[in-house]
Amino acid sequence: MSTSIAPSLIPQPIELNPINGTFELSADSTIAFADEAARQPAELLATQLRPATGFKLPVKPNTKGSIVFQTQKDPALGPEGYELRVTSHISIEAPSVAGLFYGSQTLRQLLPPEIYASKKISKGWTIQGVEIRDLPRFRWRGMHLDVARHFMPKKEVLHFIDTLASLKFNTFHWHLTDDQGWRIEIKKYPKLTTIGAWRKETLVGHNDDRPRRYDGLCHGGFYTQSDLREVVAYATERHIRIVPEIDMPGHMQAAIAAYPELGCTEHPLEVMKEWGICKNILNLEESTFQFCKDVLTEVMDLFPSEFIHIGGDEAEKEQWEASERIQDLRKKRGLNNMQAMQSEFIQRIADFLKSNNRRLIGWDEIAEGGLAEKATIMWWRGESLGNVGFEIAKKSVQNGHDLVIAVNSHLYFDAYQSMDPHEPLAIGEFIPLESTYSFEPEIEGLNHTEAAHILGVQGQLWTEYMPDIEKVEYMAFPRACALAELAWLPKKKKNFATFLRRMQMQEKRFAATGVNFRKSKSVMPHTTAP
Ligand code: ACM
């Protein structure tokens with residue numbers, strides 16, 4: 001048996017055994033794919049290993065090579081599992097291309113952390129013998145990113161996706177529209193981006209600060225359809241599906257600023273400059289419904305994801321209540337209240353998506369007033385018993401709806417990570433790393449069939465207080481590493497002490513690839529709130 005120290009992997013594989021042997025990646029190394037399906041992950045790994053090593057790493061169809069990829073038929077590995085064996089050479093086997101990819105990402109982590117560098121590093125690239133058999137706990141391992149509150153350039157989004165993929169996330173929930181900015185080019189409605197993608201200035205400091213101050217600087221940006229296709233292709237290569245979110249009927253002020261006929265008030269609006277929940281909301285005229293369908297048609301053309309996220313959160317009903325036109329519409333449709341109006345709106349959008357072979361997913365409020373058939377819920381409001389979000393989540397799975405757990409109690413990474421007063425400004429709350437790690441995405445009292453509707457878990461990055469990708473990364477990591485592990489590893493195998501130890505190596509990987517993670521010892525916890 002080898003006496004080597006256990007490798008520092010994140011997420012930890014479910015089964016790992018040291019074996020004899022040492023592998024050395026060298027200028028003579030080759031990468032082989034034994035069958036055509038294994039070509040793509042083999043080629044991608046070569047492109048990931050070349051920059052730091054400077055080796056050629058030719059990729060050939062072959063059953064022999066320094067690193068051999070091969071599909072096999074072990075059904076017990078499921079759609080994302082893999083086997084990795086390291087001796088004097090390496091084999092990666094899996095029933096699926098995704099599994100082969102995850103095997104390759106584990107292999108990258110087995111190498112010295114400098115392998116993540118984008119420039120050539122001179123050093124030995126050895127791995128101690130090891131055998132790994134691995135598969136994930138959940139099929140939805142998601143990270144969300146809000147690019148509406150602050151626009152993040154395409155190049156930075158690509159790097160973020162690459163980091164997520166290296167941690168075996170498989171879902172990127174892209175929050176593309178909100179009151180403060182519309183970020184997706186829609187050909188039929190050009191003003192969504194010529195007007196809606198730009199705000200005159202932005203609030204400085206916290207939304208609760210008084211008096212309010214603004215920076216006087218125009219902020220904005222958007223992704224062209226060509227950008228979006230590029231990002232989708234990049235993510236797909238890394239086995240990440242992108243779930244686009246077009247938030248409706250609330251969180252639409254940027255769209256209403258561009259097309260005032262979508263709104264409920266007579267006054268012109270501008271793209272919002274502050275944070276917080278906004279009362280401006282879409283009206284429910286047929287022409288507005290048509291607008292939503294037109295936008296979603298272009299969204300579906302860009303994003304192959306089965307799931308399309310339509311938001312549905314925090315839709316304030318005040319303007320609907322006050323609008324005679326909307327009250328008339330409500331009566332005409334025989335609906336009792338505004339909850340029912342929202343519910344009918346979501347149902348119609350769900351039917352439209354279904355007729356296009358897509359599935360609607362929305363924040364847990366979409367269940368208020370009755371949940372659209374087959375809709376999937378993203379549960380965000382707390383996780384305590386008796387909480388409205390919890391009640392919705394539990395009832396939904398009991399009624400056969402799928403559920404993604406994205407709760408703000410443990411998985412909102414816009415919260416403070418420590419109580420140190422020097423932490424950079426955040427929205428509030430306090431979710432330390434340990435709290436995220438210890439989170440159990442379970443709902444008590446479900447039978448097996450009901451529990452199977454829990455698709456998985458997701459972390460949220462709302463960017464009101466994250467003006468750039470550096471701040472996004474600071475808030476995301478290491479908490480997203482804890483999430484990656486709890487999404488992957490069965491409950492009884494989780495271990496926070498070894499996670500912290502393994503994170504020391506992950507920090508070196510982040511440093512090599514230029515991720516601005518929060519260093520574990522950078523700020524000590526204090527007992528007072530920020
Ligand atoms: C949300 O945080 N409004 C989903």
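Indexing begins at 1, ligand by ligand and atom by atom, following the structure's order. Quantities reported herein were computed from a predicted structural model and do not represent experimental measurements.
- Sorted by first then second residue, the ring-ring contact (aromatic ring centres under 6.0 Å, His included) pairs that include residues 391-410, not counting sequence neighbours, are H410-F439.
- The pair R330-E344 fails the salt-bridge criterion, with no side-chain N (NZ, NE, NH1 or NH2) lying under 4.0 Å from an Asp/Glu carboxylate O.
- Annotation: ligand 1 has protein neighbours D313, E314, W363, W380, Y412, W462, each with a heavy atom less than 4.0 angstrom from the ligand.
- Pairs engaging residues 243-272 under the ring-ring contact (aromatic ring centres under 6.0 Å, His included) rule: Y189-Y259 [sequence neighbours left out].
- Ionic pairing of E485 and R502 is present here: one or more N-O contacts between side-chain nitrogen and carboxylate oxygen are shorter than 4.0 angstrom.
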Donor-acceptor pairs under 3.5 Å, side chain of residues 299-307 to any protein atom, not counting sequence neighbours: which ones?
{"from": "D301", "atom 1": "OD2", "to": "R229", "atom 2": "NH2", "distance (Å)": "3.2"}
{"from": "S305", "atom 1": "OG", "to": "F307", "atom 2": "N", "distance (Å)": "3.0"}
{"from": "S305", "atom 1": "OG", "to": "F307", "atom 2": "O", "distance (Å)": "2.6"}

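- A side-chain contact (heavy atoms from CB on, under 4.5 Å) with W379 holds for exactly one of L403, I392, I454; it is L403.
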